[in-house]
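Remember, predicted model here, so these are calculated numbers, not experimental data. Proteins get letters first, then strands, A, B, ... in listed order; numbering begins at 1 in each.
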2 protein chains.
Amino acid sequence: MFAVADEIAETSDVEALPHAGFSGKKTAEIVGITYRQLDYWARTDLISPSIAKAVGSGSRRQYSYRDLLELKVIKQLLDSGIRLESVREVFTYLRDNLGEDVTTVNLVISGNRSVLVRSGEEIIDLLGKGQGVLNILPLAGVKEEVDARIVELFPGELDAITAGEPTPGSAAAQ
Amino acid sequence: MFAVADEIAETSDVEALPHAGFSGKKTAEIVGITYRQLDYWARTDLISPSIAKAVGSGSRRQYSYRDLLELKVIKQLLDSGIRLESVREVFTYLRDNLGEDVTTVNLVISGNRSVLVRSGEEIIDLLGKGQGVLNILPLAGVKEEVDARIVELFPGELDAITAGEPTPGSAAAQ
DNA sequence: TACACTTCTCACACCGGCGTAATTTCGTCG
DNA sequence: CGACGAAATTACGCCGGTGTGAGAAGTGTA
């Protein structure tokens with residue numbers, strides 16, 4: 001049964017509900033991870049769906065747009081060869097500091113500390129006194145990729161989300 | 001501070017040999033890993049002692065100074081949260097390209113590709129078009145730390161090693 | 001030869017990751 | 001209203017990676 005996109009038909013009334021969020025399956029698809037990973041991360045408290053958590057089997061998780069962003073960051077980190085354990089540490093810190101300016105910031109992991117950095121110069125600066133490894137993730141790309149994937153898979157949904165947010169006419173890269 | 005190991009003072013009567021290399025135990029101590037790790041890495045072909053491999057039990061592994069450097073890089077990457085598997089990939093590439101200019105280069109891991117980069121500008125450049133995460137490791141620091149640890153634990157040995165190598169005049173302090 | 005030291009061989013622990021099957025809920029149809 | 005089937009989540013448990021520990025087996029040297 002495909003009732004996938006019938007709610008899109010009535011684009012106008014939807015403004016009432018601020019988008020119910022993304023189901024587990026959709027989320028996994030958009031972010032580009034397996035459902036099992038999503039499940040595992042939720043149940044091990046790496047990242048849980050902020051709109052609706054699962055309670056008892058059969059319930060439905062609901063992920064917010066922000067969740068998608070975070071999930072994508074996690075995937076990027078993982079893809080780049082970083083251990084899940086380290087990712088957890090990063091997010092312990094990051095969650096408080098990840099503001100709205102997702103598009104202009106670079107996430108830098110230096111040793112066991114994470115920093116959000118705006119300019120490239122700051123990074124070179126860090127490099128100078130850097131003891132160990134610097135892991136740098138430009139967050140702008142993350143948002144772009146998530147957005148692109150949403151319109152690709154579920155056109156129409158993105159509008160409902162980004163409606164509230166300041167539309168970035170220009171993405172000033174670093 | 002200047003001159004970690006300036007022109008060899010030639011105070012060394014030291015054993016006259018061109019240095020036979022470092023034993024497994026010493027190596028582990030210097031690099032800051034457990035002997036079991038060193039053993040594991042050797043036996044799983046991550047890095048094997050280039051002066052003398054182990055053949056049958058009872059033989060002795062002998063690690064070169066270069067090996068120490070590589071080992072330290074590995075440890076740094078591990079400490080920064082990178083999976084051993086990724087480290088293996090990096091070294092598959094890196095081994096051919098890690099020249100003598102260890103002190104001036106930054107190792108950059110971008111996705112599944114590794115690059116050696118000289119200037120900070122190059123890094124910003126990468127950042128611009130960078131899709132994913134950049135892992136940056138300044139190799140200068142690696143050499144410094146290894147050297148320092150050697151003189152700390154086995155004073156006298158460093159001279160014998162660095163004798164052959166071009167001694168960089170400046171050493172970044174800290 | 002005796003001795004200290006090193007490597008090898010296993011067996012095993014721990015964790016992340018994920019496949020599979022059972023269980024529960026949701027929406028809908030009769 | 002009640003039941004049914006699809007969809008989603010949870011429970012169970014296996015697998016592979018990364019070591020570790022203990023002790024057997026060699027080696028080089030005095």
Side-chain angles (χ1 to χ4, degrees), chain A residues 1-7 17 20-63 67 71 74-75 77-91 153-154, chain B residues 15 17 20-63 67 71 74-75 77-92 154:
Chain A
M1 288 308 208
F2 273 8
V4 178
D6 39 14
E7 66 260 57
L17 95 133
F22 301 85
S23 71
K25 199 169 193 184
K26 278 188 179 180
T27 300
E29 269 181 89
I30 292 170
V31 177
I33 57 180
T34 67
Y35 176 80
R36 298 308 285 106
Q37 279 179 293
L38 189 66
D39 178 49
Y40 180 65
W41 297 350
R43 98 181 34 255
T44 54
D45 294 320
L46 172 56
I47 178 171
S48 57
S50 52
I51 296 185
K53 296 183 189 178
V55 282
S57 77
S59 66
R60 276 105 199 264
R61 298 195 181 98
Q62 295 282 48
Y63 289 86
D67 293 338
L71 284 165
I74 294 175
K75 178 172 168 47
L77 258 19
L78 248 34
D79 283 350
S80 83
I82 295 180
R83 272 182 274 119
L84 188 63
E85 189 190 351
S86 303
V87 175
R88 287 184 199 276
E89 284 165 20
V90 170
F91 270 74
L153 295 178
F154 314 101
Chain B
E15 287 69 62
L17 7 148
F22 300 85
S23 72
K25 200 169 192 183
K26 278 188 179 182
T27 300
E29 270 181 89
I30 292 170
V31 178
I33 58 181
T34 67
Y35 173 80
R36 300 307 281 107
Q37 277 179 298
L38 189 66
D39 181 44
Y40 178 68
W41 296 351
R43 121 184 4 265
T44 53
D45 294 320
L46 172 56
I47 177 170
S48 59
S50 53
I51 295 185
K53 296 184 189 178
V55 281
S57 75
S59 63
R60 276 105 200 259
R61 297 196 182 98
Q62 296 283 49
Y63 289 86
D67 293 338
L71 283 164
I74 294 175
K75 178 171 168 48
L77 292 174
L78 247 35
D79 284 351
S80 83
I82 294 180
R83 272 182 272 121
L84 189 62
E85 188 190 351
S86 304
V87 176
R88 286 184 200 275
E89 284 165 19
V90 170
F91 270 74
T92 302
F154 312 102

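In this model, a side-chain donor or acceptor of A:Arg36 finds a partner on the base of C:dG19 within 3.5 Å.
At least one side-chain nitrogen or oxygen of A:Arg43 sits closer than 4.0 Å to the OP1 or OP2 atom of D:dT10. Remark: A:Gln37 is in phosphate contact with C:dC18, judged by side-chain N or O atoms under 4.0 Å from OP1 or OP2. Checking the phosphate oxygens (OP1, OP2) of D:dT20, no side-chain nitrogen or oxygen of B:Tyr40 falls inside 4.0 Å. One finds no side-chain N or O of B:Trp41 lying less than 4.0 angstrom from the OP1 or OP2 phosphate oxygen of D:dT18.
Inter-residue side-chain proximity for A:Leu78 and A:Lys75 is flagged as unmet; no heavy-atom pair is nearer than 4.5 Å. Within the 4.5 Å cutoff, no side-chain heavy atoms of B:Phe22 are placed close to those of B:Val31.
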Derivation and outcome, side chain to side chain contact (heavy atoms under 4.5 Å, CB included), residues A:Trp41 and A:Gln37: CA-CA 6 Å; A:Trp41 297 350; A:Gln37 279 179 293; 3.8 Å; yes

Side chain to side chain contact (heavy atoms under 4.5 Å, CB included) assessment of A:Tyr63 paired with A:Ile30: CA-CA 11 Å; A:Tyr63 289 86; A:Ile30 292 170; over 6 Å; no

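Rounded to an integer number of Å, the gap from CD of B:Gln62 to C1' of D:dT27 is 13 Å. Atom C1' of nucleotide D:dT18 and atom CG of B:Leu38 are separated by 15 Å, given to the nearest angstrom. As rounded to whole Å, 8 Å separates atom C1' of C:dC8 from atom CG of B:Asp39. The interatomic distance linking A:Tyr63 (OH) with D:dA8 (P) rounds to 13 Å, in whole Å. Separating the OH atom of A:Tyr35 from the C1' atom of C:dT20 is a distance of 14 Å, rounded to the nearest angstrom.
Remark: B:Ala54, B:Val55, B:Gly56, B:Ser57, B:Gly58, B:Ser59, B:Arg60, B:Arg61 in residues 53-61 of chain B come within less than 4.0 Å of DNA chain C through at least one heavy atom. Within residues 82-90 of chain B, no residue has a heavy atom under 4.0 Å from DNA chain C.
Under the 3.5 Å distance criterion, with hydrogens and angles disregarded, no donor-acceptor pair is assigned to the side chains of B:Arg61 and B:Thr27.
Here A:Thr44 lies out of heavy-atom contact (under 4.0 Å) with every strand.
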